[in-house]
Every structure is written in C-alpha cells, then in structure tokens.
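Data block below; observations after.
Ligands are counted one by one from 1 in listed order, and the atoms in each one are counted from 1 as well. Index from 1, following the sequence.
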Amino acid sequence: MIDLHSHTRFSDGSTTPAELICLAASAGARAVAITDHDTVDGLPEGRRAAQESGIEFVDGVEISADFQPGTMHILGYCFDPSSKELNLALEKLRVARSERNPQIASRLRALGLEVHYDEVVGLAGNEVVGRPHFARVMVTKGYVASIKEAFDRFLAKGQAAYVEKHRLSPADSIELIRKAGGVAILAHPYQMKLSDEDTEDQIKRLKDQGLDGIEAIYSRLNSVEREKYISLADRLGMLVSGGSDFHGSFKPDISLVTGLGDLQVPYEALGKIKALAALRSRPSLT
Ligand SMILES: [Zn+2]
Ligand SMILES: [Zn+2]
C-alpha cells in the first residue's frame with residue numbers, strides 16, 4: 001500500500017519529515033508522498049529518510065485555491081521541487097498568510113478594540129489561527145455579544161477589519177503544478193461542499209483547466225463514497241489518487257497509510273501518476 005497525502009511540521013502536521021517516513025516504514029508502505037500546504041521545504045529531508053528506509057518517495061504539495069462555498073485544495077505530484085516559479089509563488093502565499101492575521105489585529109485596534117495578535121494565537125492553541133479566534137477574543141472582552149456580531153460588524157468580507165486573502169485561482173494552482181512538470185489532483189472533493197451534480201460540473205471545469213485526477217480514496221470517505229468518486233474519475237477519463245491526510249497528533253484519529261483503519265491506496269494509482277508526469281517531461285515522445 002501507499003499514501004499520497006500527508007503533512008509534516010513544515011505545514012500543520014506534528015512530525016518531522018524523517019519521523020513521518022519512519023512511520024510509513026513501520027506501516028509497511030511501499031511509497032509515500034509528503035504534501036505540505038503551500039511549501040516544498042520538507043521534501044529534501046523526506047527524500048533522504050525514504051532512501052535510507054527503502055521507501056519510494058514522491059514529491060508533493062497541497063495548494064489552497066480560491067473557492068466558495070467550501071474549500072478547494074489542489075495536490076501536486078512528481079513536479080520539479082527546485083522550480084523557481086513554483087517556489088516563488090508558494091513563498092508569496094506563505095508570506096500573505098503569515099501577514100494576514102496580524103493585520104486583522106491592527107485593524108481592530110485602529111477601530112478602538114484592544115485585540116492583540118498574541119492573545120488570539122494563545123486562544124487558538126494548536127489550531128490554525130483564523131477569524132473565529134478573533135471573534136472569540138472580542139466576545140470575551142465584551143466588545144461584541146456574539147461570534148456572529150463580531151463577523152457582522154467587523155470581520156466579515158466588506159467590514160472594516162476584513163483583510164483580503166491572497167489565494168491562487170483553481171486554474172492558476174493547476175497551472176503552477178503543471179508548469180513545474182507535475183500532475184494536479186483535486187484533494188478530498190467533498191470538502192468543496194457541493195451537491196453531486198455540481199461536484200461533477202466543477203470537476204469538468206477543472207479538467208478543462210488541466211486537472212488530471214481526483215483523490216477518491218480518502219480517510220474520511222466511506223467505501224460507497226470512494227466508489228462514487230472512482231467511477232466519476234473513470235467516466236471523465238481522469239486519474240484516481242488516494243491518501244490519509246495524516247497530520248500526526250494534531251488529527252490523532254488518522255494514521256499514516258491506513259487512515260481510519262480501512263484505507264487502502266493501491267500502488268497502481270502512483271504508477272499512473274508517474275507515467276503521466278514522465279510523458280510530460282519528455283514531450284518529444286508524446
Ligand atoms: Zn486539504
Ligand atoms: Zn492535506
């Protein structure tokens with residue numbers, strides 16, 4: 001078995017890349033991909049550790065694309081991790097993310113609300129800091145009566161403390177991965193929060209923009225849902241991928257390789273991803 005979706009300390013996982021590879025080895029994995037959010041910085045350490053453990057290592061990344069109503073994450077595989085364009089774009093996303101929350105805090109202070117970024121971080125603990133944490137601090141301090149009021153008056157899009165998110169469009173996310181020689185896969189499609197019909201329409205649009213496949217075999221999907229996405233991929237002539245979305249102790253119910261216990265991602269899925277990436281890197285043979 002293999003696992004093509006995992007996170008380390010380089011984004012929001014709890015383990016180092018080397019520790020993750022150790023876990024993959026003890027789970028008997030044949031291949032593993034590290035897919036940290038918006039960064040490829042953990043890949044060299046992962047690759048070194050995998051070589052020592054005799055596990056096949058797959059370069060990966062997970063990009064958060066601009067999307068409503070749910071979230072859209074695009075996974076990239078088998079790209080050139082030293083691609084300048086890729087690294088510059090990812091760096092820009094990370095800087096924007098790290099600057100956004102302190103900016104929200106300073107806007108609130110400019111509006112006369114004594115909210116400091118440090119206290120918001122303290123309240124968030126291990127969670128990724130977001131606007132709900134600001135809202136909770138504002139409620140605690142009595143500036144607003146409820147989380148809803150905090151959003152309605154200050155934090156929602158269009159309000160005075162709102163700071164725009166810098167995200168790539170789905171098309172740009174896919175293009176970035178493909179230009180670096182990689183294969184682009186839609187992660188956990190159900191998290192887009194669309195109906196089955198709208199999911200299919202959306203995936204068709206993404207396919208037109210260069211998306212190669214769907215992460216159909218995912219920890220939090222049951223076997224019926226996995227089959228549904230596998231047959232959708234078949235129908236659209238797209239690849240199937242799979243992984244646990246391991247985050248270490250930050251999502252303790254999910255194990256590497258086995259997910260919630262019933263995850264089985266066949267090596268064949270990676271074989272097809274690699275074959276497509278190889279074809280692209282040698283266009284004269286197509
Ligand atoms: Zn994701
Ligand atoms: Zn993930």
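Ring planes of H7 and H37: parallel class, angle under 30° (limits at 30 and 60°).
Under a cutoff of 6.0 Å and an axis angle of 45°, R100 and Y162 form a cation-pi pair.
In this structure a side-chain-to-backbone donor-acceptor pair under 3.5 Å is missing from R9 to P17. Side-chain atoms of D212 come within 3.5 Å of backbone N or O of A184 as a donor-acceptor pair. Here the side chain of S26 pairs a donor or acceptor atom with the backbone of C22 at under 3.5 angstrom.
Because the distance cut-off is set at 2.8 Å, H247 fails to qualify as a neighbour of the Zn ion (ligand 2), as none of its N, O or S atoms comes that close.
The minimum distance between the Zn ion (ligand 2) and any N, O or S atom of D245 involves atom OD1. As for E62, its N/O/S atom nearest the Zn ion (ligand 2) is the one called OE1.
The angle that H73 ND1 and H188 NE2 make at the Zn ion (ligand 1), rounded to 10°, works out to 100°. The angle subtended at the Zn ion (ligand 2) by NE2 of H5 and NE2 of H7 is 110°, given to the nearest 10°.
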